[in-house]
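When reading the values below, keep in mind they use all heavy atoms of this one structure, side chains included, and skip hydrogens, waters and symmetry mates.
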Amino acid sequence: MNLIEVNEVSKFFEKSEKKNVVRELAKTVLRILGIVKKKAISKEANHFTALKEISFSIKKGEAIALIGRNGAGKSTLLKIINGLYDPSEGSVKVNGKIQALIELGAGFHYDLTGRENLLFAVSMIPNLKKKDREFLINEIIEFSELNEFIDFPVKKYSSGMKARLGFSAAIFANPDILLVDEVLSVGDFRFRQKCLRKINEIRKDAAVVLVSHNLQTVKLFCTRALLFDRGTIVFDGDVQKAINLYRKSEARDEKEILKNPNLGEDFHNNEIVSDLEVFWCDEFLTPRKVFSKNEPIYLFFKATLLVDCGKDLVFSMPFWRDNINISSISSEYDSCDLSVSVLKKGQLLKIHNIFNSGPIDSCFILTLKSEYLVRKILEPFEISGFDARVHGVALCSFKEEPKKEEN
């Protein structure tokens, strides 16, 4: 039996955010009152399409990943499955109890303590005796590791603490269907792994739908993947094939970024890399923004790796001026120790200066198995010493060779 059946679902939104809020609130009230509003939103010029004719089903034991770029429609679909949104067209059939982790702190009363919120949540579980409720609450608190904070108001919690409490409460409710939308990206790496192990335990008797940009997690955990693009499913099937297709689309975007680096946005995976520090300097680690022509350029960077990435961690840095790529460096081709201990102490690189006078833009990149961990656009540095006889952006060197005699 399918636990979820999505049939030809489309979702249209008003371009006016105020109208969207009013419309969805009205639908929720009508649904609570048992009044079904059959008229769908028309596809007019003042609407945009978030989802277009989506169809798929999910069986017990499946863990499905929804992957794709931001704005592709993944989170909207989760909210439709969870009943927060009504589809504009099509239908969704759910067979079983749903638990959703879609937004941090959703369902919590912020003025109540963590324990009081758990008491309320557990009291909603039918046919649960008082002693069983107390035992369940203690299990949730122990799993969340919030023992010393459980009697604090939730409004005092950090985003990571809210994620811990929300996930723990959801997972111990024994859902038939678990919906997770990037919430687990908040907090420390160790607790995330603990959560995924717990999801693996319940997956045998449930279905899991996961929205994530962490492709390594998707690959290790999910049994199937749906690749979204502009509100449609462009692939449904093998996880690795879906990831490969997604990476190809990302690579096309990256080529556009390299043509015009300002199109790219900074990115930082806090689950694996923390305490990042990067700056241009001299050999004595004194920060600098101006270098003379032919003078060595030094780059210092340090970071804390929360996991040992081994030889799969790659450092690279492209250089450009006026949106034109000049050159790049990479640890794939040059020796550079990126071990946990070295990065924590800091790494100093001496870079051969091939640049002509003027500003040089650059981007610091760390990747793990071709997936971005860090992408940080740095402040430009300046090459001083103008010479009208030297042309171009990069300088080529040469040396005189003796003429070879013919035999």
Side-chain angles (χ1 to χ4, degrees), residues 63 65-66 74-75 78-79 82 84 97-125 128 132-203 205-214 216-218 220-222 268-275 304-307 373:
L66 310 184
K74 308 180 299 295
S75 297
L78 279 198
K79 290 178 180 179
N82 194 37
L84 296 177
K97 181 175 65 174
I98 286 184
Q99 287 291 332
L101 284 166
I102 295 179
E103 294 180 4
L104 284 175
F108 290 146
H109 194 299
Y110 277 32
D111 289 323
L112 298 180
T113 66
R115 188 187 303 276
E116 289 167 340
N117 273 285
L118 291 181
L119 283 168
F120 178 76
V122 170
S123 67
M124 302 298 289
I125 301 176
L128 196 63
D132 294 329
R133 289 178 183 174
E134 292 175 356
F135 178 78
L136 182 58
I137 288 173
N138 289 333
E139 271 196 313
I140 295 172
I141 294 172
E142 183 179 353
F143 185 88
S144 70
E145 302 174 6
L146 293 173
N147 304 66
E148 58 183 309
F149 305 103
I150 200 63
D151 293 311
F152 282 54
V154 171
K155 64 184 178 183
K156 300 287 186 181
Y157 284 14
S158 66
S159 57
M161 292 166 70
K162 291 172 188 172
R164 286 179 178 231
L165 188 65
F167 177 84
S168 304
I171 206 74
F172 278 91
N174 294 321
D176 299 304
I177 301 162
L178 182 65
L179 310 178
V180 184
D181 184 4
E182 292 289 7
V183 174
L184 295 181
S185 63
V186 180
D188 60 82
F189 178 80
R190 183 189 60 80
F191 187 76
R192 177 184 174 84
Q193 298 307 304
K194 181 179 177 180
C195 292
L196 291 175
R197 287 194 297 270
K198 188 65 178 177
I199 292 176
N200 260 328
E201 289 179 17
I202 72 163
R203 193 179 68 190
D205 299 310
V208 179
V209 184
L210 173 70
V211 170
S212 178
H213 288 94
N214 189 325
Q216 192 66 18
T217 296
V218 168
L220 292 173
F221 172 72
C222 295
H268 192 152
N269 188 331
N270 294 298
E271 300 170 11
I272 299 180
V273 182
S274 67
D275 304 323
T304 299
L305 291 181
L306 303 180
V307 295
L373 297 182

- Message: Go through it in stages, so that I can follow the logic: the residues are L165 and F149, the test is side chain to side chain contact (heavy atoms under 4.5 Å, CB included), and I'd like the CA-CA distance, side-chain angles, deciding distance and then a yes or no.
- Response: CA-CA 11 Å; L165 188 65; F149 305 103; over 6 Å; no
- Message: Using side chain to side chain contact (heavy atoms under 4.5 Å, CB included), reason through V273 and H268 one step at a time and then give a plain yes or no.
- Response: CA-CA 8 Å; V273 182; H268 192 152; 3.8 Å; yes
- Query: Going through the checks in order, is the side chain to side chain contact (heavy atoms under 4.5 Å, CB included) test met by F221 and R203?
  - Reply: CA-CA 10 Å; F221 172 72; R203 193 179 68 190; 4.0 Å; yes
- Check against side chain to side chain contact (heavy atoms under 4.5 Å, CB included), L306 and S274: CA-CA 7 Å; L306 303 180; S274 67; 3.9 Å; yes
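Put simply, the side chain of V122 does not reach to within 4.5 Å of the side chain of D132, judged on heavy atoms. Side-chain contact check for L179 versus I177: some heavy-atom pair is nearer than 4.5 Å. Looking only at side-chain heavy atoms (C-beta outward), I150 and L118 come within less than 4.5 Å of each other.
Between the CG atom in N270 and the CG atom in L373 there is a gap of 10.5 Å [rounded to 0.5 Å]. Atom-to-atom distance recorded for D111:CG and E116:CD is 10.0 Å, nearest 0.5 angstrom. Rounding to the nearest 0.5 Å places CZ of F120 at 9.5 Å from NE2 of H109. Here F172 contributes atom CZ and F135 contributes atom CZ; the two are 9.0 Å apart, rounded to the nearest 0.5 Å. To the nearest 0.5 Å, the span separating CD on E134 from CG on L119 amounts to 9.0 Å. If you take CZ on F108 and OH on Y157, they are separated by 8.5 Å, rounding to the nearest 0.5 Å.
Nearest heavy atom pair, residue A65 against residue V218, reads CB-CG1, 3.6 Å. Closest of all the heavy-atom pairs between S168 and F191 is OG-CZ, 4.2 Å. Nearest approach of K74 to V211, heavy atoms of both residues: CE-CG1, 3.7 Å. Of all non-hydrogen atoms in Q99 and P175, the two that sit nearest each other are CG-CB, 3.5 Å.
K194 places a side-chain N or O within donor-acceptor distance of the main-chain N or O of F143, the cut-off being under 3.5 Å.
The 12-atom threshold is not exceeded at NZ of K156, counting heavy atoms of other residues, nucleotides or ligands nearer than 6.0 Å. Atom CD of E139 is surrounded by more than 12 heavy atoms from other residues, nucleotides or ligands within 6.0 Å.
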